[in-house]
Amino acid sequence: MPEQARREELAASLAEVRERIARACTAAGRDPGSVALVAVTKTYPAADVVLLAGLGVTDVGENKDQEAAAKAAAVAEAGASVRWHFVGQLQRNKAASVVRYADVVESVGSLRLASALDAAAGKHRDRPLDVLIQVSLDGDPARGGAVDPAAGRSPAGAAAAGGSSPAGGGAAASPGASLDPERDLWRIADLVASAGMLRLRGLMAVAPLGWEPARAFAALAATADRLRADHPDATVLSAGMSGDLEEAVRHGATHVRIGTSLLGMRNTLR
Ligand SMILES: *Cc1c(COP(=O)(O)O)cnc(C)c1O
């Protein structure tokens, strides 16, 4: 597609997404400017990031280190500047690469990864790295993410423990169930908050498959309230994607991560 046509396409979808965010804010009684957009550009080329930056997008999300590193270099080469959010599962051996281009890592779900990022940031950056702890709302070990062991004791968490969904409430919602200390949200929060090269900014989550988004984001909001009680600067709540941004905004999201609605359907064969 010629660049001008792509620019017009992106401008139109960006206007629609911004309108959806503004409407969701109004419906929730929130200031329309209180929710930031992170454009998730995975699988799309650096040229799209450059066009989005030209249209006023300031924050971009990626989920694979190799792709993100190359894209960040190409975008910088083109003279554009955005804040890069890493939102994908991250192996510790990629920490040194990610800290070189990422402004925010939204997907910290273990003590080990937090320590690795702190060490890597100490070597490869001259300023601290912003961190969000990724919360696993269903406790599924395969998907990663930190678990709030107190979630089952909140009203929202108690509802999540009902067991009627295929996800079954999971370990996250069962008080007293054994929790891998590596994934204990409160231990990770304390580690990040005390790490010299990390700044604890808040939480990120994806609504688990098979869950009502409202249930997922209500549980997340309860955890975010508790986090802010201990860490008043951890005010970011990154929740909501193309399919569920309205529910996320209703439950206090400060950032929504939008891919499909902005850039189009991704090729799932990739
Ligand atoms: C891909 C992705 C998104 C964007 O999802 P869409 O449904 O395309 O808007 C958001 N968050 C994460 C963590 C992702 O991997």
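When a ligand or atom number is given, it counts from 1 through the structure's own listing order.
T41 contributes no side-chain N or O that, together with a main-chain N or O of Y44, makes up a donor-acceptor pair within less than 3.5 Å.
V38 and V135 end up in different hydrophobic clusters when Ile, Leu, Val, Met, Phe, Trp and Tyr side chains are linked at under 4.5 Å.
The shortest side-chain heavy-atom distance between V57 and L14 falls under the 4.5 Å cut-off.
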Could you check E106 against S238 for side chain to side chain donor-acceptor pair (under 3.5 Å), going step by step and ending with a plain yes or no?
CA-CA 8 Å; E106 298 202 6; S238 173; 2.7 Å; yes
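Residues satisfying the side chain to side chain contact (heavy atoms under 4.5 Å, CB included) test with E212, not counting sequence neighbours, are R215.
Between R127 and D103 a salt bridge is recorded (basic side-chain N to carboxylate O distance below 4.0 Å).
Ligand 1 is surrounded by V40, K42, V87, M241, S242, R257, I258, G259, T260, R266, each with at least one heavy atom closer than 4.0 Å.
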